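None of these values were measured; they are calculated from a predicted model. Worth knowing before you read on, the calculation uses all heavy atoms, side chains too, and leaves out hydrogens, waters and symmetry mates. Positions are given from 1 along the sequence.
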Amino acid sequence: MPKASEIKRNAAIEINGEAYIVRDIERSVPQGRAGGSLYRMRMYNVATNAKIDETFKDSDMLTLADLSRRAATFSYADGDEYVFMDSEDYTSYSMNRSAIEDELLFITEDLQGMHVMVLNDVPVALDLPGIVELEIIETDPSIKGGSATARTKPAKLSTGLVVQVPEHISTGDRIKVNVEERKFTGRA
């Protein structure tokens, strides 16, 4: 049983016998409290997709839901349904756009290291690798010698995500992006 401070986004936890997927975590340290951080988690019920917000102390023990992680690749999109194929037994998992909207900003056809979280044979969430490689499709022209400064400029990536990149990066470059922080981490 992990502590609340060890829970990450897209983890599945069990509350009152029901499974929830953690979509967002906010950490706060209240003034005047000895030691304890608070973790406010926005979660969605796996069965009903109902949203709840809960706050836990960092030392609260939580129960992980019994999920299986299946290595998968993006197969195709059919309207609002996105289909992923299991890398081992070729089972296809269909997920609605609204359930994976944040993850779609990082998914490309050749993305490796992605997992589909499955609960009772139903896909409930995607687990992406920590860093993904994406191509820049639009940014301001690169500035020669721009690597010597710490200034940045916005760059639109092939998936529609916009991140800040150093001035010396140009359109067509492939870059590494940290999925959790949505930040540029380096050239690919």
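- Under the side-chain contact (heavy atoms from CB on, under 4.5 Å) test applied with L157, the options T108, V132, V177 reduce to a single match, V177.
- Within 6.0 Å of CG on D110 lie more than 12 heavy atoms contributed by other residues, nucleotides or ligands.
- P123 and V116 get closest at one heavy-atom pair: CB-CG1, 3.7 Å.
- Both I107 and V163 are part of a single hydrophobic cluster, where members link through side-chain heavy atoms under 4.5 Å apart.
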Got a list of side-chain donor-acceptor pairs under 3.5 Å for residues 97-105, not counting sequence neighbours?
residue: R97; atom: NH1; partner: Y82; partner atom: OH; Å: 2.4
residue: S98; atom: OG; partner: N96; partner atom: OD1; Å: 3.3
residue: E103; atom: OE2; partner: N10; partner atom: ND2; Å: 3.2

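- In terms of the side chain to side chain contact (heavy atoms under 4.5 Å, CB included) criterion, residue partners of S59 (sequence neighbours excluded) are, by chain and number, K57.
- No chain of hydrophobic side-chain contacts below 4.5 Å, direct or via other Ile, Leu, Val, Met, Phe, Trp or Tyr residues, connects V124 to L128.
- D53 is linked by a side chain to side chain contact (heavy atoms under 4.5 Å, CB included) to R40, R42, counting only residues two or more places apart in sequence or in another chain.
- Think of V83 as one node in a network of Ile, Leu, Val, Met, Phe, Trp and Tyr side chains linked at under 4.5 Å; its network also takes in Y76.
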From CA spacing to verdict: side-chain contact (heavy atoms from CB on, under 4.5 Å), I175, V165:
CA-CA 9 Å; I175 62 169; V165 298; 3.9 Å; yes
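- Listed by first and then second residue, the ring-ring contact (aromatic ring centres under 6.0 Å, His included) pairs involving residues 38-57 amount to none (not counting sequence neighbours).
- Contact record, V29 with S37: CG2-OG, 3.6 Å, taken as the closest heavy-atom pair.
- For D89, the salt bridge (charged side-chain N to carboxylate O under 4.0 Å, His left out) partners are R70, not counting sequence neighbours.
- A distance of 10.5 Å separates CG of D60 from CD of E54, quoted to the nearest 0.5 Å.
- L62 approaches M41 most closely through the heavy-atom pair CD1-CE, 4.2 Å.
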Give the table of side-chain donor-acceptor pairs shorter than 3.5 Å for residues 11-22, with sequence neighbours excluded, one pair per line with atom names and distance.
residue: E18; atom: OE1; partner: N45; partner atom: ND2; Å: 2.5

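- Evaluation of the side chain to side chain contact (heavy atoms under 4.5 Å, CB included) rule for V162 yields P154, K156 as partners, not counting sequence neighbours.
- Sorted by first and then second residue, the side chain to side chain donor-acceptor pair (under 3.5 Å) pairs with a member in residues 176-188 read D173-R187; sequence neighbours excluded.
- The two atoms that bring I137 and T171 nearest to each other are O-CG2, 3.4 Å, heavy atoms only.
- At least one side-chain heavy atom of M95 sits less than 4.5 Å from a side-chain heavy atom of L126.
- Partners of D127 by salt bridge (charged side-chain N to carboxylate O under 4.0 Å, His left out), not counting sequence neighbours, listed by chain and number: R69.
- Contact between S158 and L134 at its shortest, heavy atoms only, is OG-CD2, 4.4 Å.
- V179 and F106 make their closest contact through O-CZ, 3.8 Å (heavy atoms, listed as atom of the first residue, atom of the second, distance).
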Tell me, with the steps shown, if F74 and L111 meet side-chain contact (heavy atoms from CB on, under 4.5 Å).
CA-CA 8 Å; F74 174 65; L111 179 63; over 6 Å; no
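- Without hydrogens or angle criteria, E6 side chain to K3 main chain gives a donor-acceptor distance under 3.5 Å.
- The hydrophobic clustering, which links ILVMFWY residues whose side-chain heavy atoms are closer than 4.5 Å, places L161 and I169 together.
- Looking at L64 and P2, their side chains come closer than 4.5 Å, going by heavy atoms from C-beta outward.
- Residue pairs meeting the side chain to side chain donor-acceptor pair (under 3.5 Å) criterion with at least one partner in residues 129-141, sequence neighbours excluded, do not occur; the list is empty.
- If you chain together hydrophobic residues whose side chains sit under 4.5 Å apart, I25 and L67 never meet in one group.
- A search for side chain to side chain contact (heavy atoms under 4.5 Å, CB included) contacts involving S87 returns A71, T73, not counting sequence neighbours.
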